[in-house]
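Here is the structure we will look at, set down as structure tokens.
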Protein chains: 2
Amino acid sequence: MQATVFSPHDHTHCVSSAISNAQNLCVERGVRLTPVRQRVLELVWRSHQPIGAYELLAGLVKEGFNSAPPTVYRALEFLCTQGLLHKLEGINAYVGCCNPDTPHQGHFLLCKDCHQAQELDSQYISLAIKLSADQHGFEIKRHTIEIVGICQACLDKPKKLESKL
Amino acid sequence: MQATVFSPHDHTHCVSSAISNAQNLCVERGVRLTPVRQRVLELVWRSHQPIGAYELLAGLVKEGFNSAPPTVYRALEFLCTQGLLHKLEGINAYVGCCNPDTPHQGHFLLCKDCHQAQELDSQYISLAIKLSADQHGFEIKRHTIEIVGICQACLDKPKKLESKL
DNA sequence: TGACAAATTGTTATATTATAACCTACTATG
DNA sequence: CATAGTAGGTTATAATATAACAATTTGTCA
Ligand SMILES: [Zn+2]
Ligand SMILES: [Zn+2]
Ligand SMILES: [Zn+2]
Ligand SMILES: [Zn+2]
């Protein structure tokens with residue numbers, strides 16, 4: 001059992017290191033982490049759980065950025081392309097990537113109780129998918145792996161009403 | 001290499017057997033495969049590729065059914081709950097389930113060229129996911145596994161423009 | 001520097017996907 | 001038939017996402 005996003009931790013540290021890591025990466029890659037883009041990245045990380053485009057947009061507006069949807073969708077597209085964010089298709093929400101240095105598609109555990117998303121990088125899952133695809137002569141471009149359930153921390157808590165995530 | 005949805009086949013047979021199978025299942029389960037529900041199921045199967053809610057709605061309208069969104073969304077919810085359809089979250093589209101007798105979540109290969117969806121039932125993938133979840137003390141409720149790429153048949157065809165599926 | 005191309009952002013409008021709320025009609029059962 | 005439960009009709013609106021084009025900023029190099 002390892003430390004995860006589900007366990008308590010100093011999240012301001014996660015945020016600031018994600019940002020500075022992103023800044024370095026963008027410099028290395030010769031792409032621009034503009035103010036809107038950085039702000040969106042920061043808002044995603046700060047939320048500590050998957051967050052939707054329009055909620056991010058509301059955050060931008062509060063700080064004087066433009067309030068039209070394309071603003072945030074463009075930033076999200078850039079950040080996802082750079083591997084700094086992942087989109088969770090099942091809930092139309094975005095999470096920060098924990099390891100953006102090596103671009104990849106993530107595997108996610110989504111807790112339907114606390115709404116945290118834990119990114120995995122399981123070689124077993126990757127391999128199993130590769131094998132299945134090979135059996136069908138199928139060439140993989142990308143994949144979506146989203147596992148919904150209850151995290152350890154929530155299982156340990158006294159039971160309460162469940163949302164319908 | 002096995003026979004798949006990607007290979008040519010008599011699809012009218014797929015449709016009719018899916019429908020009669022669904023009818024039997026619903027009787028067994030004491031639930032009602034009403035005309036709208038059956039028609040939606042048929043439209044999904046007939047399309048021979050994942051199909052969206054509003055396209056289905058257009059199909060219903062042509063045949064004199066009600067034309068408001070709740071009509072089709074209710075039918076889709078019923079059919080998904082009964083395991084007769086699966087929703088592909090990555091593209092907001094629906095496909096018929098090939099084995100609705102034993103309810104399950106599917107694993108899908110989605111070809112971005114011919115837009116066919118092949119449902120898998122890989123024990124390797126299921127096991128790999130189970131192992132990853134167990135490592136984190138995570139209790140799985142459901143999952144979304146969608147693998148996007150190019151199918152064997154399309155790889156064999158002369159290369160042409162690719163959509164951005 | 002100043003001209004230009006490329007990238008980014010602003011702005012307006014609209015497309016696409018999905019649900020809420022409330023009412024009516026049908027169905028099964030005693 | 002009464003009546004409770006299920007399903008469908010209808011209207012409105014919420015939530016998510018993109019198209020199209022104009023304005024601005026940035027990088028490049030003559
Ligand atoms: Zn990641
Ligand atoms: Zn949890
Ligand atoms: Zn299935
Ligand atoms: Zn194909």
Query raised in the report: Taking the side chain of P70(A) as its heavy atoms from C-beta onward, which of dT8(C), dT12(C), dA17(D) lies nearest to it?
Result: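 Out of dT8(C), dT12(C), dA17(D), the nucleotide with an atom closest to P70(A)'s side chain is dT12(C).
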Query raised in the report: Looking at dT16(D), dT11(C), dT8(C), which one has an atom nearest to any side-chain atom of R74(A)?
Result: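 Minimum distance to the R74(A) side chain belongs to dT11(C).
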Give the rounded distance in Å between these two atoms: [atom1] of [X] and [atom2] of [N].
| X | N | atom1 | atom2 | value |
| --- | --- | --- | --- | --- |
| R39(A) | dT9(C) | CZ | C1' | 18 Å |
| E77(B) | dG8(D) | CD | P | 12 Å |
| L76(A) | dT18(D) | CG | P | 10 Å |

Query - pair I145(A)-I129(A): side-chain heavy atoms closer than 4.5 Å - result: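 Counting from C-beta outward, I145(A) and I129(A) do come under 4.5 Å.
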Requested in this report: Can you establish whether the number of heavy atoms outside Y124(B) located under 6.0 Å from its atom OH is more than 12?
Outcome: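 No, OH of Y124(B) has 12 or fewer neighbouring heavy atoms, counting only those of other groups under 6.0 Å.
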Report task. If the plane angle is over 60° it's perpendicular, under 30° parallel, otherwise tilted; pick one for Y73(A) and Y54(A). Result ->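 Y73(A) and Y54(A): perpendicular rings.
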Query raised in the report: Which word best sums up how the rings of H104(B) and H86(B) line up, parallel for under 30°, tilted for 30 to 60°, or perpendicular for over 60°?
Result: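 Plane angle between 30° and 60°, so tilted.
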Requested in this report: Remember a base hit wins even if backbone is also touched, and classify N66(B) as base, sugar-phosphate or nothing at under 4.0 Å, heavy atoms.
Outcome: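 Base contact.
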Query raised in the report: At under 4.0 Å between heavy atoms, what does F78(B) touch on the DNA or RNA strands: base, sugar-phosphate, or nothing?
Result: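 No contact at all - F78(B) keeps every heavy atom at 4.0 Å or more from the nucleic acid.
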Does OP1 or OP2 of [N] have a side-chain N or O of [X] closer than 4.0 Å?
| X | N | value |
| --- | --- | --- |
| K87(A) | dT16(D) | no |
| Y54(A) | dA15(D) | no |
| R32(B) | dT6(D) | no |

Query raised in the report: Between V31(B) and S67(B), which is nearer to the 5' end of DNA chain D once each is assigned its nearest nucleotide?
Result: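 Final value for this comparison: V31(B).
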